[in-house]
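For reference, the structure is listed below as structure tokens.
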Amino acid sequence: MHKLTGSVLVVFGLVLFPLPIPVGLLMIAFGLLLLAPYFKPIQNAVRALRRRSPAVDNGLRKVKRRCPPVIRTAIEKTAP
């Protein structure tokens, strides 16, 4: 179920990405976090993003305890 939901979020996020409101970017981010526990290349990409952007890393660490278990797992697996 998480793989399907994550894939749908990424696809719709890519469609909405050109809009001036960053809804597409948020959808892509949540979709990738849903897919990260299942796919090693996505884990590596999220880990690289977290290394390059300390603000993203800090934000994910702050919200980790309030997230559902699958997102918590993704945040832990992609820690830089």
Side-chain angles (χ1 to χ4, degrees):
M1 184 67 176
H2 296 127
K3 291 179 187 177
L4 177 64
T5 305
S7 300
V8 168
L9 282 171
V10 169
V11 169
F12 281 118
L14 289 171
V15 171
L16 296 176
F17 188 72
L19 294 177
I21 302 172
V23 174
L25 186 59
L26 291 173
M27 291 175 76
I28 293 169
F30 285 122
L32 289 176
L33 279 175
L34 282 174
L35 293 172
Y38 306 106
F39 299 103
K40 192 72 170 169
I42 295 175
Q43 288 176 17
N44 294 336
V46 173
R47 190 175 297 116
L49 172 67
R50 289 178 71 177
R51 259 191 230 117
R52 282 192 308 263
S53 176
V56 171
D57 185 47
N58 290 335
L60 287 174
R61 289 178 195 269
K62 286 179 185 177
V63 299
K64 181 173 101 172
R65 63 182 170 86
R66 293 181 280 172
C67 292
V70 68
I71 301 292
R72 252 184 272 143
T73 302
I75 292 171
E76 291 166 2
K77 283 187 173 187
T78 60

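Quick note: residue numbers are just sequence positions, from 1.
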Shared hydrophobic cluster, L4 / F12 (ILVMFWY, side-chain heavy atoms < 4.5 Å): yes
Within 6.0 angstrom of F17 CZ, more than 12 heavy atoms from elsewhere: no
Heavy-atom neighbours of I21 CD1 exceed 12 at 6.0 Å: no
Nearest atoms (heavy-atom pairs only) where T78 meets A36: CG2-CB, 4.3 Å
Heavy-atom pair of closest approach, residues I42 and L32: CG2-O, 3.6 Å
Minimal non-hydrogen separation, V70 against P37, with atom names: O-CG, 3.7 Å
Cluster check V63, F30: I/L/V/M/F/W/Y, side chain < 4.5 angstrom: no
For the student: nearest non-hydrogen atoms of P80 and D57, plus distance: CD-OD1, 3.5 Å
ILVMFWY cluster, V56 and V46 together (side-chain gap under 4.5 Å): yes
Pairwise side-chain contact, R50 with I75, heavy-atom cut-off 4.5 Å (strictly under): yes
From N44 atom CG to K77 atom NZ, the distance as rounded to the nearest 0.5 Å: 11.5 Å
Common cluster, L33/Y38, ILVMFWY with side-chain heavy-atom separation under 4.5 Å: yes
Same cluster (ILVMFWY, side-chain, under 4.5 Å), L16 and V11: no
CZ-CG distance between R51 and L49, expressed to the nearest 0.5 angstrom: 10.5 Å
Smallest separation among heavy atoms of R72 and K64, with atom names: CG-O, 2.9 Å
Heavy-atom side-chain contact between L34 and I71 under 4.5 Å: yes
L9 CG to L26 CG distance, which is reported to the nearest 0.5 Å: 10.5 Å
Under 3.5 Å donor-acceptor, T5 side chain and M1 backbone: yes
Flag for R61-N58: side-chain donor and acceptor within less than 3.5 Å: no
